[in-house]
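Only one structure is covered here, and it is reproduced in the block below.
The figures here come from the full heavy-atom set of this structure, side chains too, leaving out hydrogens, waters and symmetry mates. Lettering of chains follows the sequences in order, A, B, ..., and the numbering in each one begins at 1.
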Protein chains: 2
Amino acid sequence: MAVGKKNYQNTILDIAEALKLSPATISRALNNHPYVKEKTRNDVVEMAAKLGYRRNLMASGLRSNRTHTIGLIIPRVSMFFHAEVITTIQNDLHKHGYSLIICQSNDSVSMERELAETLYSSRVDALIAACTLQTVDFSHFDKFVEHGNPVIFYDRVPVEDYKATLIKGDDFKGAYLATSHLIAAGCKRIAHISGPLTSNLYQDRAAGFLKAMEEHQLPVNPDWVFHQELTQGNALFAMQKMFTTGAGPDGLFADNDTSAIAAIEYAKEKGIIVPDALKVAGYSNDPRTAIITPAITSVEQFPSLVGRRIVETVVELLSNDAEGPTYKIEPVMIPVELIVRKSTSTN
Amino acid sequence: MAVGKKNYQNTILDIAEALKLSPATISRALNNHPYVKEKTRNDVVEMAAKLGYRRNLMASGLRSNRTHTIGLIIPRVSMFFHAEVITTIQNDLHKHGYSLIICQSNDSVSMERELAETLYSSRVDALIAACTLQTVDFSHFDKFVEHGNPVIFYDRVPVEDYKATLIKGDDFKGAYLATSHLIAAGCKRIAHISGPLTSNLYQDRAAGFLKAMEEHQLPVNPDWVFHQELTQGNALFAMQKMFTTGAGPDGLFADNDTSAIAAIEYAKEKGIIVPDALKVAGYSNDPRTAIITPAITSVEQFPSLVGRRIVETVVELLSNDAEGPTYKIEPVMIPVELIVRKSTSTN
DNA sequence: TTGTACGCGTTATCAT
DNA sequence: ATGATAACGCGTACAA
């Protein structure tokens with residue numbers, strides 16, 4: 001008796017009963033299994049629609065060990081770069097029949113650990129992660145690797161060896177391009193507002209900066225190199241430090257656009273003319289850089305390309321039924337491009 | 001024999017075996033069931049940690065009909081307002097032990113339908129949705145309602161009655177405040193760049209705009225009221241239309257900041273001085289409005305408050321084990337506030 | 001306080 | 001091409 005049956009939902013058994021078929025046949029018909037008569041399949045699909053049947057992913061996943069769900073851990077969705085990456089990832093995954101669980105770590109290592117646990121409990125088929133700037137221990141991802149689930153790191157990736165796929169931007173080149181551009185524009189005393197060296201991103205950008213400086217035999221003033229969290233407040237603080245004693249820099253390369261914007265605003269307030277007295281370049285090509293006056297030169301990271309590569313990789317690794325490797329040995333490199341704007345103009 | 005057992009994972013049976021207990025006891029210990037000896041519970045927790053046990057959410061969900069997962073459908077994560085709302089929702093839900101599946105509809109109705117299907121297949125405990133601007137038929141959410149799963153709409157909500165909770169900003173008031181402010185600043189010929197009237201948002205904002213105009217007995221020029229998708233391109237087109245024939249408006253209220261920014265840029269290019277010759281107000285208080293020159297007056301929507309209320313509501317509705325209603329009859333209203341900046345200054 | 005036994009909805013295996 | 005049956009891992013009513 002179905003009387004009083006709360007939360008009633010139709011299952012393949014209901015379809016089977018209505019069609020006088022066995023549940024196995026229903027399952028096969030719904031999963032495009034080859035050995036199903038054309039008419040039977042049509043009947044099943046029709047009846048499923050009629051009964052409003054929706055596959056229960058928990059039951060299916062429990063049995064088949066595949067959830068068709070991918071986990072994603074990122075610092076914040078509100079950062080422009082990440083927002084763009086996510087959008088592409090989700091759209092592309094959707095085309096391949098995968099869902100995406102997006103989780104924010106808020107740049108907290110402990111949160112990142114918890115989220116990894118939760119996603120493992122959800123038995124996602126694969127995990128995509130842009131780690132915290134402070135993440136140096138990656139053991140919370142071990143379970144996925146051990147269990148044969150692909151792990152893809154992008155943007156902020158492990159520096160040491162790890163059995164996972166790495167997808168990264170060419171941070172060295174980005175920093176090198178930006179710095180070289182400042183030099184070509186006539187800057188001689190260039191400052192660098194950079195992030196913490198725990199992250200590969202800022203290690204590489206620092207190296208790119210230094211390479212460009214060296215190549216042109218320009219001295220690097222240690223008081224003008226900052227390794228700090230890239231917030232507006234910290235950037236203002238750095239500017240203050242550089243411009244309150246003696247002659248400040250005539251060029252600034254900032255490792256993110258938030259810092260570059262803060263620098264521009266500091267300069268405006270103090271009457272330092274950009275680009276005449278100070279040229280500024282940022283990183284990420286955040287939409288804000290095009291809107292502020294003067295518009296800021298910045299490094300484009302092609303987030304949607306990053307997203308596309310990630311999905312390509314995930315799909316490829318997951319289709320390796322033949323027990324192929326669960327990761328790619330060579331990191332995937334995404335190109336960068338310098339977008340030149342008014343903040344570094346020579347007029 | 002465990003030999004050759006690929007994808008081996010520890011289950012409560014492994015813990016039971018290791019401890020010479022029954023699986024039932026393990027389950028109880030792990031779920032904080034009252035009738036478990038303190039020592040037993042400790043032993044279980046310890047062994048679980050030792051074996052690296054992680055609950056299989058599919059199995060537990062299948063059995064208990066609760067996934068501790070909430071679904072979220074939004075147009076785009078990259079819109080500032082939504083990004084902020086999401087962040088709060090996820091953080092707050094996490095505190096209550098819920099995970100969040102975030103899906104983007106890309107403002108496409110058919111995608112929204114598909115995502116609703118997928119989330120239903122995942123048997124999320126509740127669904128949060130900010131609908132597409134074109135969504136007028138909400139039947140794809142019916143299954144959740146019928147099944148007793150709370151549905152919470154925010155921002156873009158159904159206009160007609162629907163057995164779901166509504167959480168909305170005070171759009172009427174926001175538009176009224178912005179328009180009144182323009183009038184108080186001396187504007188007599190005010191234009192309105194608005195969104196499609198299929199959405200409650202723009203209906204309410206249009207009404208707020210008209211109310212303010214009426215109250216001050218200002219005429220509304222129908223050629224200066226635009227109902228269109230709120231893109232940069234459309235805004236530029238509207239500006240062009242208004243300023244190429246005769247005297248243009250001296251005030252503009254735009255229903256989003258992207259349009260307001262585009263208007264400012266058009267004005268800059270054409271030598272129309274803002275705020276002297278044209279005053280502009282936007283909507284959402286996007287960070288870009290504070291950065292552009294001149295900074296733009298805009299309506300703050302308190303996205304984190306929206307997020308907080310959403311989670312409060314979800315948690316409350318889900319804890320209604322006692323067969324309470326699955327929705328709130330009264331919509332929850334989130335206040336708005338006008339942030340005044342240079343673009344409407346009277347200096 | 002703990003154990004036994006069953007079922008959640010689906011899919012894989014074997015049989016027909 | 002289809003059916004019967006077992007199993008995935010867990011939670012719970014009932015028994016002990």
(request) Indicate whether OP1 or OP2 belonging to C/dT2 is found under 4.0 Å from a side-chain N or O atom of B/Thr40. (result) yes
(request) Establish, with yes or no, whether the OP1 or OP2 oxygen of D/dT2 is under 4.0 angstrom from a side-chain nitrogen or oxygen of A/Thr25. (result) no
(request) Please evaluate the base of C/dT11 for a donor-acceptor partner in the side chain of A/Arg63 within a cut-off of under 3.5 Å? (result) yes
(request) With rounding to the nearest 0.5 Å, note down the distance linking CD1 in A/Ile89 to CD in B/Gln104. (result) 10.5 Å
(message) Let me spell it out: for each of B/Ala59 and B/Arg28, pick the nucleotide of DNA chain D with the closest heavy atom. Which residue's pick is nearer the 5' end?
(response) B/Ala59
(message) If you compare every side-chain N and O of A/Tyr53 against the phosphate oxygens of C/dT10 (OP1, OP2), does one of them come in below 4.0 Å?
(response) yes
(message) If we count only N and O atoms by modelled type, under 3.5 Å, do the side chains of A/Asn106 and A/Ser108 hold a donor and an acceptor together?
(response) no
(request) Specify whether B/His147 and B/Tyr120 have parallel, tilted or perpendicular ring planes, treating 30° as the upper limit for parallel and 60° as the lower limit for perpendicular. (result) perpendicular
(request) Evaluate the criterion side chain to side chain contact (heavy atoms under 4.5 Å, CB included) for residue pair B/Leu57 and A/Arg123; output intermediate values, then yes/no. (result) CA-CA 8 Å; B/Leu57 248 52; A/Arg123 298 296 190 274; over 6 Å; no
(request) Taking A/Ser122 for its side chain and A/Val124 for its backbone only, find out whether a donor-acceptor pair lies under 3.5 Å. (result) no
(message) By nearest heavy atom, map B/Val36 and B/Leu62 onto DNA chain C; which one lands nearer the 5' end?
(response) B/Val36
(request) Round to the nearest Å and state the distance from A/Leu19 atom CG to D/dT2 atom C1'. (result) 13 Å
(request) Whole angstrom is fine here: how far is it from CZ in B/Arg66 over to P in D/dC10? (result) 19 Å
(message) So, OP1 or OP2 of C/dC8: does either fall under 4.0 Å of a side-chain N or O from B/Asn65?
(response) no
(request) Return the nearest nucleotide to the side chain of A/Ala24; candidates are D/dA4, D/dC10, D/dA1. (result) D/dA4
(request) Please state whether the phosphate of D/dG11, meaning OP1 or OP2, lies under 4.0 angstrom from any side-chain nitrogen or oxygen of B/Ser64. (result) no
(request) Let me know the distance between CG of A/Leu21 and P of C/dT10, rounded to the nearest Å. (result) 15 Å
(request) Take atom CG of B/Asn10 and atom C1' of D/dC8, then tell me their distance rounded to the nearest Å. (result) 15 Å
(request) Kindly say if B/Ser60 contacts the phosphate of D/dG9, meaning a side-chain N or O under 4.0 Å from OP1 or OP2. (result) no
(request) Tell me whether the OP1 or OP2 atom of C/dG9 has a side-chain N or O from A/Ser27 closer than 4.0 Å. (result) no
(message) Without decimals, in angstroms, what is the distance between B/Met58 CE and C/dG9 P?
(response) 16 Å
(message) With a 4.0 Å limit, can you tell me whether A/Asn31 has a side-chain N or O closer than that to the phosphate oxygens OP1/OP2 of C/dT11?
(response) yes
(message) Rounded to whole Å, please give me the gap between CZ in B/Arg123 and C1' in C/dG9.
(response) 9 Å
(request) Could you check whether A/Lys20 gets within reach of a base, just the sugar-phosphate, or nothing at all, counting any heavy atom under 4.0 Å? (result) sugar-phosphate
(request) Look at the aromatic rings of B/Phe141 and B/Phe153 and report parallel, tilted or perpendicular, splitting at 30° and 60°. (result) perpendicular
(message) Counting the atoms with a prime plus P, OP1 and OP2 as sugar-phosphate, which does A/Leu13 contact under 4.0 Å by heavy atoms, base, sugar-phosphate, or nothing?
(response) base
(request) Could you tell me the separation between the CZ atom of B/Arg54 and the P atom of D/dC10, rounded to a whole number of Å? (result) 12 Å
(message) Rounding to an integer number of Å, can you tell me how far A/Asn32 CG sits from D/dA1 C1'?
(response) 16 Å
